[in-house]
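To keep things clear, I will list the structure first and then write my remarks on it.
Order of the sequence lines fixes the chain letters, A, B, ..., with proteins taken first and strands second; residue numbering starts at 1 for each chain.
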Amino acid sequence: MKVRTRFAPSPTGYMHIGNLRTALYEYLIAKSQNGDFILRIEDTDQKRYVEGATDIIYSTLKEVNMNWDEGPDIGGGFGPYVQSERKNIYAEYAHKLVELGGAHYCFCSKSEADEQKDEEQNIKFQDPCKLIPLEEAKKRVAAGEPYVIRQTVRKKGKSKYHDEVYGDIEIDYDELDEGVLLKSDGFPTYNFANVIDDHLMQITHVVRGNEYISSTPKYNLIYEDFGWEHPHYVHVPQVMKDAQHKLSKRNGDASFQDLVAKGYLPEAILNYIALLGWNPGTEQEIFSLEELKKVFTTERLNKSPAIFDIVKLNWMNGCYIRALSPEEFQQKATKFCGELPAFVNMKALCAALQPRVEFLGQIAEQIDFVPAVGAYDKELYVNKKMKTDVEIAAKALALTLPVLEKVADWSNDTLFATLKNLAETEGLKNGQILYPVRIALSGKETTPGGATELAVILGKDESLKRIKDAINKLA
RNA sequence: GGUCCCAUCGUCUAGUGGCCUAGGACGCGGCCCUCUCAAGGCUGCAACACGGGUUCAAAUCCCGUUGGGAUCACCA
């Protein structure tokens with residue numbers, strides 16, 4: 001049987017990192033076995049629907065290159081792929097389930113149900129409507145009385161099922177609550193829709209967060225009542241913000257879009273989250289999607305929660321940035337450079353930046369001196385290790401200016417050789433020339449590149465101008 | 001509170017009874033390289049939650065304790 005997995009997000013306007021990881025694992029399970037990856041939109045809660053949210057889902061999946069084989073936009077043999085368009089299907093099956101004895105009509109209001117139960121005391125809602133004879137209930141429904149369809153749990157004893165990562169799970173049927181399957185507005189709840197859809201769409205592996213472990217027996221009951229086989233279950237641990245809290249929108253934790261906006265590369269993010277809860281069993285850490293397809297297996301999925309560590313993502317993203325060709329880097333980096341003066345040598349600037357940023361959002365701070373030198377203190381010229389002070393700097397800059405004016409080949413090699421030579425003939429240390437020049441060009445203590453590299457980035461005219469300015473400042 | 005799940009360096013993890021004086025990666029410290037800072041190379045610090053068993057032998061199996069998480073919606 002062909003492996004079919006599905007990513008079934010609800011369109012709430014936010015691509016959560018944990019969600020994306022679930023999608024990745026679903027994609028990898030399918031693709032590692034030549035199966036199909038299906039996209040389904042779970043929008044049965046009209047209150048939570050956010051305009052444009054489905055576009056975020058599409059664009060995110062596309063950005064990380066996880067292409068779906070069937071979905072709302074491209075169709076497929078098992079559509080429609082949007083749950084709100086399947087309303088009548090759920091209604092049909094819900095009524096069928098009532099006939100089968102797996103569910104019943106309930107005329108209680110939500111508040112009536114809420115009043116009865118008590119989580120602390122472990123008192124569950126005992127639905128009085130269960131006792132209404134089916135024929136009578138049908139009459140009331142036909143008469144137009146508002147109703148919901150609730151699951152009926154008749155079984156006693158232990159419910160058992162196998163999970164691919166957690167192993168065998170046993171839960172007592174008494175623990176299961178008789179939840180609403182079809183709401184009074186006619187829409188199904190997740191509890192019902194996911195079962196119907198997964199069966200109808202012939203999903204073979206369901207991947208979801210481990211918060212569903214304890215409700216899975218309820219779904220299995222529905223499968224049983226219909227006489228269907230349930231899919232393989234792959235419950236995955238949570239992605240946490242810290243030991244106590246999981247990553248969430250409410251906490252303001254970064255979403256995939258937020259990270260991309262900060263200049264993290266989609267491939268790096270994907271690589272990083274693949275390793276949050278899964279490992280290849282080898283010491284390899286850098287994986288392309290294609291490589292992951294080859295080595296992924298559910299056996300190597302972990303049971304315990306993983307904390308999302310932005311510091312390690314930074315490192316990994318840095319690896320991806322450094323692996324970019326200079327052209328690719330320049331193309332991506334330009335967007336983060338803002339408006340730069342015409343004198344800037346972009347190629348040289350990007351070459352300097354590439355090994356020095358872990359994510360593109362760090363560029364701005366690195367290049368703030370490029371448009372113009374900001375205000376700085378003369379004391380910046382004092383550096384013990386470089387053996388410079390204000391006086392030496394003034395002398396060095398005065399010496400450097402005429403020499404640089406004569407340089408025709410404004411390249412790093414030539415500039416460096418020239419200044420090194422100048423230092424030698426003047427009996428100065430390299431640093432006594434280079435350090436002041438670098439400060440003159442940037443006005444900053446640390447810069448992406450040395451004096452001569454900055455000179456190349458700024459071009460000859462601008463460099464000479466800045467050195468003159470510095471000489472005046474020190475005079 | 002009931003039920004379910006989890007538990008190795010700060011973090012991600014390897015480890016499925018002897019190969020473990022517990023390996024790798026990030027981070028952190030040191031050294032090298034060096035026109036500052038990075039990058040790169042080398043190197044150091046750092047963990048089996050606790051207590052009982054089982055066994056010739058336990059991070060690995062069992063039980064308990066502790067700690068953490070999840071769930072108990074007409075949300076998914």
Whether the A:Ser109 and A:Ser111 side chains hold a donor-acceptor pair (N or O, under 3.5 Å, no angle test) is what I'd like checked. yes

So what does A:Ser184 hit on the nucleic acid, given a heavy-atom distance under 4.0 Å: a base, only sugar-phosphate, or nothing? base

Taking the P atom in each of B:U16 and B:A58, what is the distance between them to the nearest angstrom? 16 Å

Under-3.5 Å donor-acceptor pair between A:Arg356 side chain and B:C37 base: yes

Any N/O pairs under 3.5 Å between the protein and nucleotides 28-30 of chain B? List them or say none.
none

Closest non-hydrogen contact found for A:Ile307 with A:Leu276 is O-CD2, 3.7 Å

Under 4.0 Å between any heavy atoms, over every strand shown, what does A:Cys106 touch: base, sugar-phosphate, or nothing? Just pick one. nothing

Nucleotides 44-46 of chain B: which of its N/O atoms have a protein N/O under 3.5 Å away?
none

Considering Watson-Crick and G-U wobble pairs with both distances under 3.5 Å, what does B:U65 pair with? B:A49

Qualifying ring pair (Phe, Tyr, Trp, His ring centres under 6.0 Å) pairs, either residue in residues 166-191 of chain A, two or more places apart: A:Tyr190-A:Tyr212

In whole angstrom, give me the gap between the P atoms of B:C62 and B:G1. 26 Å

Between A:Glu42 and A:Arg40 (salt bridge meaning N to carboxylate O under 4.0 Å), is one present in this structure? yes

Geometric cation-pi criterion, A:Arg140 with A:Tyr105: 6.0 Å, 45°: no

Counting only Watson-Crick or G-U wobble pairs whose two distances fall under 3.5 Å, which nucleotide matches B:G1? B:C72

If I take atom CG in residue A:Leu419 and atom P in nucleotide B:U36, what distance separates them, rounded to the nearest angstrom? 14 Å

Could you write out each protein N or O paired with an N or O of nucleotides 61-65 of chain B at a distance under 3.5 Å?
none

Say we look at B:G15 and B:A25: how far apart would their C1' atoms be, to the nearest angstrom? 16 Å

Contact class for A:Met386 vs. all strands (heavy atom < 4.0 Å): base, sugar-phosphate, or nothing? sugar-phosphate

Please answer whether B:U36 and A:Tyr435 are stacked, defined here as ring centres separated by less than 5.5 Å and planes angled under 30°. no

Determine the contact category for A:Ser442: base if any of its heavy atoms lies under 4.0 Å from a base atom, sugar-phosphate if only primed atoms, P, OP1 or OP2 are that close, otherwise nothing. nothing

Evaluate side-chain contact (heavy atoms from CB on, under 4.5 Å) for A:Leu39 paired with A:Ile57, printing each intermediate quantity in order. CA-CA 9 Å; A:Leu39 176 59; A:Ile57 294 165; 4.1 Å; yes

So, do A:Leu275 and A:Asn279 sit near enough that their side-chain heavy atoms are less than 4.5 Å apart? no

For nucleotides 66-69 of chain B, print each protein N/O atom paired with a nucleotide N/O atom at under 3.5 Å, atom names and distance only.
none

In whole angstrom, give the distance that lies between atom CG of A:Leu397 and atom C1' of B:C35. 14 Å

Which nucleotide in the list B:C74, B:U36, B:G2 gets nearest to the side chain of A:Glu175? B:G2

Give each protein N/O atom lying under 3.5 Å from an N/O atom of nucleotides 71-73 of chain B, with the pair distance.
| residue | atom | partner | partner atom | Å |
| --- | --- | --- | --- | --- |
| B:C72 | O3' | A:Asp177 | OD2 | 3.2 |
| B:C72 | O2' | A:Lys124 | NZ | 3.2 |
| B:A73 | OP2 | A:Lys117 | NZ | 2.4 |
| B:A73 | O5' | A:Lys117 | NZ | 3.4 |

side-chain hydrogen bond (donor to acceptor under 3.5 Å, both in side chains) contacts in which one or both residues fall within residues 425-438 of chain A, not counting sequence neighbours: A:Asn383-A:Tyr435, A:Arg438-A:Thr447

Residues that A:His16 engages under ring pair (Phe, Tyr, Trp, His ring centres under 6.0 Å), provided they are two or more places apart: none

Closest heavy-atom contact between A:Leu419 and A:Thr452? CD1-CG2, 4.0 Å

Considering only heavy side-chain atoms of A:Ser304, the closest of B:C37, B:C35, B:A7 is B:A7

Any side-chain donor-acceptor pair under 3.5 Å between A:Thr216 and A:His235? yes

Shortest non-hydrogen contact from A:Ile203 toward A:Ile38: CD1-CD1, 4.2 Å

Under a 3.5 Å cut-off for both contacts, is B:C42 paired Watson-Crick or G-U wobble with anything, and if yes, with which nucleotide? B:G30

At 4.0 Å (heavy atoms only), tell me whether A:Asn19 reaches a base, stays on the sugar-phosphate, or touches nothing. nothing

So do A:Leu28 and A:Thr298 actually touch side chain to side chain, heavy atoms under 4.5 Å? no

Can you find a donor-acceptor pair, distance only, under 3.5 Å between A:Thr189 side chain and B:C74 base? no

Counting distance alone, no hydrogens or angles: does the base of B:C37 have a donor or acceptor under 3.5 Å from a partner atom on the side chain of A:Thr447? no

Between B:A38 atom P and A:Ile321 atom CD1, what is the distance in whole Å? 17 Å

For residues A:Tyr25 and A:Phe296, establish whether the separation of their ring centroids is below 6.0 Å. yes

Contacts satisfying salt bridge (Lys or Arg N to Asp or Glu O under 4.0 Å) that involve residues 170-186 of chain A (not counting sequence neighbours) are A:Lys130-A:Glu178, A:Lys156-A:Asp174, A:Asp177-A:Lys218

Pairing residues for A:His232 by the side-chain contact (heavy atoms from CB on, under 4.5 Å) criterion, not counting sequence neighbours: A:Glu164, A:His205

P gap between B:U60 and B:A49, integer Å: 8 Å

Give the B/S/- string for nucleotides 14-25 of chain B, one per nucleotide from 5' to 3', where a protein heavy atom under 4.0 Å of the base yields B, of only the sugar-phosphate yields S, and otherwise -. SS-------SSB

With distance as the sole criterion, is a donor-acceptor pair present between the side chains of A:Ser411 and A:Asp409 under 3.5 Å? yes

Winner on side-chain proximity to A:Arg322, out of B:C74, B:A39, B:U36, is B:A39

Return whichever of A:Asn430 or A:Ala306 has its heavy-atom-nearest nucleotide of RNA chain B closer to the 5' end. A:Ala306

Separation between the C1' atoms of B:C6 and B:C26, rounded to whole Å: 23 Å

Using whole Å, report how far CD1 of A:Ile196 lies from P of B:A76. 15 Å

Consider only side-chain N and O atoms of A:Asp198 and A:Tyr219, and report whether a donor and an acceptor are under 3.5 Å apart. no

Which is more 5' along RNA chain B, the nucleotide nearest A:Val311 or the one nearest A:Lys183? Just name the residue. A:Val311

Rounded distance in Å between the C1' positions of B:C28 and B:U11: 12 Å

Residues A:Glu462, A:Arg466: salt bridge by 4.0 Å N-O rule: yes

Tell me every residue that passes side-chain contact (heavy atoms from CB on, under 4.5 Å) with A:Glu92, counting only those two or more places apart in sequence or in another chain. none

What's A:Phe416 touching, base or sugar-phosphate or nothing? Going by heavy atoms closer than 4.0 Å. base

When both distances are under 3.5 Å in a Watson-Crick or G-U wobble arrangement, the nucleotide paired with B:A22 is none

Of the options A:Asp197, A:Asp43, A:Asn194, which is the one that meets A:Gln83 in a side-chain hydrogen bond (donor to acceptor under 3.5 Å, both in side chains)? A:Asp197

